[in-house]
Amino acid sequence: MISGAVLEALKGYVPSENIHLKEQMAEHTTFRIGGEADCLIELENEEQLCRLQSYLSIIEAPFFILGNGSNLLVSDEGYRGVILQIGRKMGRIVIDGCSITAQAGALLSQVSRAALEHSLTGLEFACGIPGTVGGGVVMNAGAYGSEMSSVVTQVTVVGRNGERMVLSKDAMEFGYRTSTIKNHPFTVTEVTFELNYGQQGEIKSKMEELAARRREKQPLEYPSAGSVFKRPEGYYAGELIMKAGLRGAQIGGARVSDKHCGFVVNTGKATAADVKDLIEEIQEQVWDKFGVELQPEIVFLGRF
């Protein structure tokens, strides 16, 4: 619950129309699942982020940074705190030669299309990734043999107390679905990509090819959070789940995709509890049959 005093203070940092109380988080996740957050604030710029993070830290109010909600499962009880959303209002994209600088709220699909329009190659793999630039950098998102670390040159972040830093590619410590930001209280605000000039027709053809492969192999017709599990070393999570006989396994409205067993989909009325229970069942079955521990790739927010 946000007190009247805190609400008035928040209005001093952002326009009141950007502050949403008792916001349904199902409207802000690709799973289309989640209860109410006490408060969701749409951010417009880095300064607002810095000031709000500093204020919320001082009053010891819990807060969470949200992008497109594409790798997130929010509890059915929602979130008792403040959601700071870096979305479309922080989505500026600037192109200078072979460099693209994008604010963290820009969608990866938007940046890849901008690259296409300027005949820049290197971001084709990101054309179908549903997340934002910020979220993509945090988890070193990737697809079809490429990942963010192959094209990112620098990342601007702010700390919990509002301090601003520019991190080089080396300082990001990119790894498989991880970066230094996973282990530090930093929030990404801007990312610079270095690409190469290419033939626009070839770039477009590659993007169309990858989009077709995605439609063929992934359950895009259902809400989901993409691949649920990280790839265990030496294995593929989807293949292990299939071999465990879990294709089509369902708890409530949550179901292991018949098209790609690495996905858990919302068939229409899934709850967060349904999804979590199904994830735990998958982990247990795969461990029992193969001795492989599956680690979730998605983030769990709220009480479960």
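Atoms considered below: every heavy atom in the structure, side chains included; atoms not considered: hydrogens, waters and symmetry mates.
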Engineer: Are there over 12 heavy-atom neighbours, none belonging to Gln199, within less than 6.0 Å of that residue's CD?
Structural biologist: no
Engineer: Output all residues satisfying ring pair (Phe, Tyr, Trp, His ring centres under 6.0 Å) with Tyr13, sequence neighbours left out; order by chain, then residue number.
Structural biologist: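 Testing Tyr13 for ring pair (Phe, Tyr, Trp, His ring centres under 6.0 Å), a comparison that skips the adjacent residues, returns Tyr55.
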Engineer: Please check this pair: side chain of Thr29 against backbone of Gly69, looking for a donor-acceptor N/O pair closer than 3.5 Å.
Structural biologist: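 Answer holds: no.
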Engineer: Looking at Cys98 and Leu120, what are the two nearest heavy atoms and their distance?
Structural biologist: CA-CD2, 3.9 Å
Engineer: So do Val166 and Val155 actually touch side chain to side chain, heavy atoms under 4.5 Å?
Structural biologist: no
Engineer: Is a side-chain N or O of Asn45 found less than 3.5 angstrom from the main chain of Glu47, in a donor-acceptor match?
Structural biologist: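 Between the backbone of Glu47 and the side chain of Asn45 there is a qualifying donor-acceptor contact (under 3.5 Å).
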Engineer: Mind checking whether Leu40 and Leu84 have side chains closer than 4.5 Å, heavy atoms only?
Structural biologist: no
Engineer: Checking side-chain hydrogen bond (donor to acceptor under 3.5 Å, both in side chains) against Gln48, which of Glu46, Glu44, Arg51 comes through?
Structural biologist: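 Of the listed options, the one satisfying the test is Glu44.
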Engineer: Quick check on side chain to side chain contact (heavy atoms under 4.5 Å, CB included): which of Leu49, Leu66, Thr132, Val188 does Ile86 satisfy it with?
Structural biologist: Leu49
Engineer: Heavy-atom distance under 4.5 Å between the side chains of Arg247 and Ile241, does that happen here?
Structural biologist: no
Engineer: Examine distances only and state if a side-chain atom of Glu36 and a backbone atom of Met25 form a donor-acceptor pair shorter than 3.5 Å.
Structural biologist: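 Checked: no pair found.
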Engineer: Evaluate the ring planes of His184 and Phe186, with Trp represented by its six-membered ring, and classify them as parallel (under 30°), tilted (30 to 60°) or perpendicular (over 60°).
Structural biologist: parallel
Engineer: Take a 6.0 Å sphere around CG of Asn183 and say whether it holds more than 12 heavy atoms from other residues, nucleotides or ligands.
Structural biologist: yes
Engineer: Tell me if the NZ atom of Lys204 is crowded by more than 12 foreign heavy atoms within 6.0 Å.
Structural biologist: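 Not more than 12 within 6.0 Å, no.
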Engineer: Please find the pair of heavy atoms, one from Glu221 and one from Lys259, that lie closest to each other, and give the distance.
Structural biologist: OE1-NZ, 3.7 Å
Engineer: With side-chain hydrogen bond (donor to acceptor under 3.5 Å, both in side chains) as the rule and sequence neighbours excluded, what pairs involving residues 99-110 come up?
Structural biologist: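 Pairs touching residues 99-110 that pass the test: Ser99-Glu194, Thr101-Thr192.
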Engineer: Would the number of heavy atoms belonging to other residues, nucleotides or ligands and lying under 6.0 Å from NZ of Lys22 be above 12?
Structural biologist: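 Counting neighbours around NZ of Lys22, 12 or fewer heavy atoms of other residues, nucleotides or ligands fall under 6.0 Å, so no.
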Engineer: In sequence, state the C-alpha distance, the side-chain angles, and the governing distance for Val275 and Phe31, and then conclude on side-chain contact (heavy atoms from CB on, under 4.5 Å).
Structural biologist: CA-CA 10 Å; Val275 174; Phe31 246 140; 3.9 Å; yes
Engineer: For residues 206-259, which residue pairs qualify under ring-ring contact (aromatic ring centres under 6.0 Å, His included), counting only residues two or more places apart or in two chains?
Structural biologist: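 Output for this query is empty, none listed.
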Engineer: Between Phe290 and Lys243, what is the shortest heavy-atom contact and its length?
Structural biologist: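 That would be CZ-CB, 3.7 Å.
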Engineer: Does Arg213 have any salt bridge (charged side-chain N to carboxylate O under 4.0 Å, His left out) partners at least two apart in sequence or in another chain, and if so, which?
Structural biologist: Glu209
Engineer: Tell me if a side-chain donor or acceptor on Glu239 pairs with a main-chain N or O of Ala237 at a distance below 3.5 Å.
Structural biologist: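 Checking the backbone N and O of Ala237 against the side chain of Glu239, no donor-acceptor pair under 3.5 Å is found.
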Engineer: Counting distance only, does the side-chain N/O of Ser205 pair as donor-acceptor with the main-chain N or O of Gly201 below 3.5 Å?
Structural biologist: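 Yes.
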Engineer: With no hydrogens and no angle check, is any side-chain donor or acceptor of Glu124 less than 3.5 Å from a backbone partner on Ala126?
Structural biologist: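 A pair under 3.5 Å: no.
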Engineer: Below 4.0 angstrom, N of the basic side chain to O of the carboxylate: do Asp38 and Arg80 qualify?
Structural biologist: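 Looking at Arg80 together with Asp38, the answer is yes, because their closest N to O distance falls below 4.0 Å.
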Engineer: Nearest heavy-atom pair of Ile298 and Ala225: which atoms, and what distance?
Structural biologist: CG2-CB, 3.8 Å
Engineer: Run the salt bridge (charged side-chain N to carboxylate O under 4.0 Å, His left out) test against Glu190 and tell me which residues pass, sequence neighbours left out.
Structural biologist: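 Once residues adjacent in sequence are excluded, the partners of Glu190 under the salt bridge (charged side-chain N to carboxylate O under 4.0 Å, His left out) criterion are Arg92.
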Engineer: Got a salt bridge between Arg113 and Glu117, using NZ or NE/NH1/NH2 to carboxylate O under 4.0 Å?
Structural biologist: no
Engineer: Considering all heavy atoms of both residues, which atom of Val151 and which atom of Leu123 are nearest to each other, and what is their separation?
Structural biologist: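 Between these two residues, the closest heavy atoms are CG2-CD2, 4.1 Å.
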Engineer: Only pairs at least two apart or in different chains count here, so list each ring-ring contact (aromatic ring centres under 6.0 Å, His included) that has a residue in residues 247-276.
Structural biologist: His260-Phe263
Engineer: Which pair of non-hydrogen atoms, one from Ala106 and one from Ile93, has the smallest distance, and what is that distance?
Structural biologist: CB-CG1, 4.0 Å
Engineer: Would you confirm whether Asn140, through its side chain, and Gly175, through its main-chain N or O, come within 3.5 Å as a donor-acceptor pair?
Structural biologist: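 Indeed, once roles are kept as given, a pair shorter than 3.5 Å links the two residues.
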